2 protein chains.
Amino acid sequence: MSAELTQDMLEELIIAVDNQEGDFVKNVLEDLHPEDITSILYELDTDQCIYVFNVLAEDVCSEILATLDEETRTEFVQKFAPEQLATWVDYMDSDDAADMLQPLSPRFREKTLAFVDTEHASHIADLLNYEEGCAGAIMEKELIKANMNWTVVQAIDEIRRQAENVEKFYSLYVVDDQNLLLGRVSLKKIILSSDQTLIRDIYDDDLVMVKTYYEDTEVAEIMQKYDLEAVPVVNARGELVGRITIDDIVDVITDKADLDRQLMSGITEDVEEDDSILLLTRARLPWLIIGMFGGLMGAQFIGLFEADLVILPAMAFFIPLITATGGNVGIQSSSIVLQSLASKSIILQDSWYNRFFKVLIVAILNGLVISGVVFGFSFYLEGNLKLSITVAVALFSVVLLASLLGTFTPLVLNYFNINPAVASGPFITTANDLLGLAVYFTTARMMY
Amino acid sequence: MSAELTQDMLEELIIAVDNQEGDFVKNVLEDLHPEDITSILYELDTDQCIYVFNVLAEDVCSEILATLDEETRTEFVQKFAPEQLATWVDYMDSDDAADMLQPLSPRFREKTLAFVDTEHASHIADLLNYEEGCAGAIMEKELIKANMNWTVVQAIDEIRRQAENVEKFYSLYVVDDQNLLLGRVSLKKIILSSDQTLIRDIYDDDLVMVKTYYEDTEVAEIMQKYDLEAVPVVNARGELVGRITIDDIVDVITDKADLDRQLMSGITEDVEEDDSILLLTRARLPWLIIGMFGGLMGAQFIGLFEADLVILPAMAFFIPLITATGGNVGIQSSSIVLQSLASKSIILQDSWYNRFFKVLIVAILNGLVISGVVFGFSFYLEGNLKLSITVAVALFSVVLLASLLGTFTPLVLNYFNINPAVASGPFITTANDLLGLAVYFTTARMMY
């Protein structure tokens, strides 16, 4: 396993690559998992990588290509001739091949597919037709199906025929003469049944399936809910067209979590720490600028109370307390809603009215504790009763309003099909800052 | 599938439960997936649920129990006698049974296990010994293994023997006479090999395995990296003791994402929207109180500059701008680090020096844009050159410092084995608020 690879070995390998010691490079690398070879390739420059690809076996290269990140891969494969690329595509699963070819120019793509085995190429071309983010685009065409009228022996022949193309499976999908999906029969059952048993007598028709147009997150939910390792995909007519395996779904789940976290953190593009400085800067500026305009509006707003500040400068002391508490409460509230939106059940949804009521009670409890403590402290620190009351009342109102804003913003966004995670980010912080200031200074005006 | 269940049907069902129409209830429910039955049970009260459990088949009950959330389940199963519970445990996978029994009192647990089939009970007792969060605690004992000296026919006999206990598998694990794990052989290969072939001649020794003491998140990373659907678990001596399937790992991944999001949002307990008001309040108060003390410290700090505020109250206008920008930059920075900590590769880690340099450049670029724009606007709005310079310089410094704080806090926390997601939450916001105020007022002092 990979843990064995040290910095020394890496340097040795790079020297061997530069000296074109093909056998040494091949021996060292082919002992490793393709995923680990990929990690190493990221340390090499393009020419060195090209050399490694020329040295390694074609099936290893195809596995490495499947694990490279899209941006690097798109750039890299164009260094090779379409004929060369096709030799690797031959070894790839149709879904991985489609992922790889998708970002290339149609011209380069077609040229490559022309050199690929006909049936495989038509599978890949088929997958390329589906829109990104739907079940059709993440499914693979490789699967083993059995006609309901076959015997167990015929099914085993089919397994033998497909053995090279389909790696992991423990069920055969059962179809009728029109290729309509009827159910599945487990490998276990096939092993344990006598040769002449008919598939129609042993298959299981209790089967969860998805349609090609389902969203990938929807497929993820279904597979998670029913603990499925693979799910068959049917088209609108109910014909079996592919299957989705759990490893692709794990990627969907982690991508979704990453995206949500980025939205919550106010980053607009899918960036990673090792991206270019320009990209990192560009991904962060938009939300910073929105926050900045919020801050400038806040400045304008406080400006309206300049005269009051001259009389009682202590009012300014509590500005950060008010805005920060509003921000914290808002983020907490939206986060809890996000969680329940993510794990939505069928009939369990609370009505908006119940939600409102519950949020209000929790906010009142939190608000009472916080503003009680702050009242005590601020009176002890400043000795100004009126100011302490102002701060406490404003804080209580801010907790209430920020709770409601934080709860209902994601619900409204979700209703309009916008990713509600946006609502946990700088947007709600900025809104809460302004809300807090408005409440604070309005309270002050009323008190004085 | 579940979409068919309407509110009307639910009401009809509840009436049938209350009238004790067992056959009707059984017919309606047993057509559904256990996961969907669980959704329905959440709509019933405890007595109604007990009635449903008495009506349904034992294997269905066991599947429902496996999908219930822990809190509800722990309370619910104690309504039954240990003998009754044991009939369901008999049908459960060892890992699900251990999860269910873990939170019960040792007395109730032992009583229940006494009624369970001996081998199954000893498997469950074994799993209960592992600490939560490690590979041993999430593995299941059910697996099919073959001795390397067996023939294919012997392996098929073993599959037949275990067929009832092990649902999903497409490999047999291969062990030697000492039960040391050597590799695996796929069901496909068994089907395609002749009866008298020796397992030792067809098995694949290139196998990823994990140890019982690995952390569950570590297992998740490994399974994700190598796209595994199941991974065998060995003890310190290398003996095969269990296996972990991807559905358990999907739960680990989503739990981790939920936890991180909660930490980022300043929620201390694992709460959901439908938890009690008291629990929701308690989960949110701690961070609110920390934020509040931060705010009070900020108030104290601004208080030091009371005299300056009297002379130039406009200084107060920009407090929210400074604190908000610091907060936003800090969260963005820590989020990007979190991402790269989560997807750590073996040799790809940048040195701290390189990180520092890159973070600095990005911060300088962002800082220049933001403070440039703010300088323009504030001069236009207030017409005070000195104040505009103060705000711009302070803002620039805050962006720089918040970037560094946001980048290195999660790294330091990670170094000390504290979940770095904490650093994206209210902690860093509070720290940045104070930092921003300090920078702002210090700059002002130096300018005036």
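These numbers were taken from a predicted model, which means no experiment stands behind them. Just so you know, these numbers use all the heavy atoms, side chains as well, and skip hydrogens, waters and symmetry mates. Chain identifiers are assigned alphabetically (A, B, ...) following the order of the sequence lines, protein sequences preceding nucleic acid strands; residue numbering begins at 1 within each chain.
Note: B:Thr281 leads B:Thr254, B:Leu187, B:Thr281, B:Ile156 in heavy-atom pairs under 4.5 Å with chain A. Interface summary for chain B: among A:Thr325, A:Leu395, A:Ile246, the most heavy-atom pairs under 4.5 angstrom belong to A:Ile246. Your options are A:Ile253, A:Val399, A:Leu381, and the one with the most heavy-atom pairs under 4.5 Å with chain B is A:Leu381. Your options are B:Ile144, B:Ile336, B:Asp248, B:Ile322, and the one with the most heavy-atom pairs under 4.5 Å with chain A is B:Ile336. Note: A:Pro313 leads A:Pro313, A:Ala307, A:Pro34 in heavy-atom pairs under 4.5 Å with chain B. In terms of heavy-atom pairs under 4.5 angstrom with chain B, the leader among A:Ala230, A:Ala299, A:Gly295 is A:Ala299. Between chain A and the options B:Ile159, B:Ile190, B:Ile370, B:Leu434, the largest number of non-hydrogen pairs under 4.5 Å is found for B:Ile370. Top candidate by heavy-atom pairs under 4.5 Å with chain B, chosen from A:Ile277, A:Leu437, A:Asn366, A:Leu321, is A:Asn366. Note: A:Val329 leads A:Thr323, A:Val329, A:Leu278, A:Val374 in heavy-atom pairs under 4.5 Å with chain B. Of the listed residues B:Thr38, B:Ile311, B:Leu288, the one with more heavy-atom pairs under 4.5 angstrom with chain A than any other is B:Leu288. When B:Ala316, B:Gly298, B:Ala220, B:Ser333 are compared by the number of non-hydrogen pairs under 4.5 Å with chain A, B:Ser333 comes out ahead.
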* To do: Before giving the answer on side-chain contact (heavy atoms from CB on, under 4.5 Å), spell out for A:Leu280 and B:Ile361 the whole-Å C-alpha distance, their side-chain angles and the decisive distance to 0.1 Å.
  => CA-CA 10 Å; A:Leu280 281 167; B:Ile361 304 278; over 6 Å; no
* Applying side-chain contact (heavy atoms from CB on, under 4.5 Å), run through B:Ser335 and A:Arg284 and close with a yes or a no. => CA-CA 11 Å; B:Ser335 164; A:Arg284 295 170 60 162; over 6 Å; no
* To do: Could you please spell out the steps behind the side-chain contact (heavy atoms from CB on, under 4.5 Å) verdict for B:Asn328 and A:Met292?
  => CA-CA 10 Å; B:Asn328 288 344; A:Met292 183 201 73; over 6 Å; no
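A:Val359 does not touch chain B: none of its heavy atoms, backbone or side chain, sits under 4.5 Å away. Residue A:Ser186 does not touch chain B at all, counting heavy-atom pairs closer than 4.5 Å. Only the side chain of B:Ile319 comes within less than 4.5 Å of a heavy atom of chain A; its backbone N, CA, C and O stay farther away. Heavy-atom distances place no part of B:Thr67 under 4.5 Å from chain A, backbone and side chain included. Residue A:Ile249: no heavy atom, backbone or side chain, is found under 4.5 Å from chain B. For A:Val369, the part sitting under 4.5 Å from any heavy atom of chain B is the side chain, from C-beta outward, and nothing else. Using a 4.5 Å cut-off between heavy atoms, A:Phe293 touches chain B through its side chain atoms alone. With a threshold of 4.5 angstrom between heavy atoms, B:Asp433 approaches chain A through side-chain atoms but not through N, CA, C or O. With a 4.5 Å cut-off on non-hydrogen atoms, B:Val362 touches chain A through its backbone and its side chain both. Only the side chain of A:Asp206 has a heavy atom closer than 4.5 Å to any heavy atom of chain B.
Looking only at side-chain heavy atoms (C-beta outward), A:Asp247 and B:Gln224 stay at 4.5 Å or farther from each other. B:Ile289 is not listed as a side-chain neighbour of A:Val373, based on a closest heavy-atom distance of 4.5 Å or more. At a threshold of 4.5 Å between non-hydrogen side-chain atoms, the residues A:Val310 and B:Leu309 do not count as touching. With contacts defined as side-chain heavy-atom distances shorter than 4.5 Å, the pair A:Val250/B:Met223 does not qualify. For the pair B:Arg160 and A:Ile191, the minimum side-chain heavy-atom distance is 4.5 Å or more. At a threshold of 4.5 Å between non-hydrogen side-chain atoms, the residues B:Asp36 and A:Lys225 count as touching.
With rounding to the nearest 0.5 Å, the separation of CG in A:Leu312 from CD in B:Glu306 is 8.0 Å. Once rounded to the nearest 0.5 Å, the distance linking CE of B:Met297 with CZ of A:Phe377 reads 12.0 Å. In this structure, CD1 on A:Ile302 lies 12.0 Å from CE on B:Met315, to the nearest 0.5 angstrom. With values rounded to the nearest 0.5 angstrom, B:Asp227 atom CG is found 11.0 Å from A:His33 atom NE2. How far CG of A:Leu365 is from CG of B:Leu285: 8.5 Å, rounded to the nearest 0.5 Å.
Judged by distance alone, the side chain of A:Glu35 and the main-chain N or O of B:Tyr226 form no donor-acceptor pair under 3.5 Å.
Other residues, nucleotides and ligands place more than 12 heavy atoms under 6.0 Å from the CZ atom of B:Phe305.
Closest heavy-atom contact between B:Gly303 and A:Phe317: CA-CZ, 3.4 Å.
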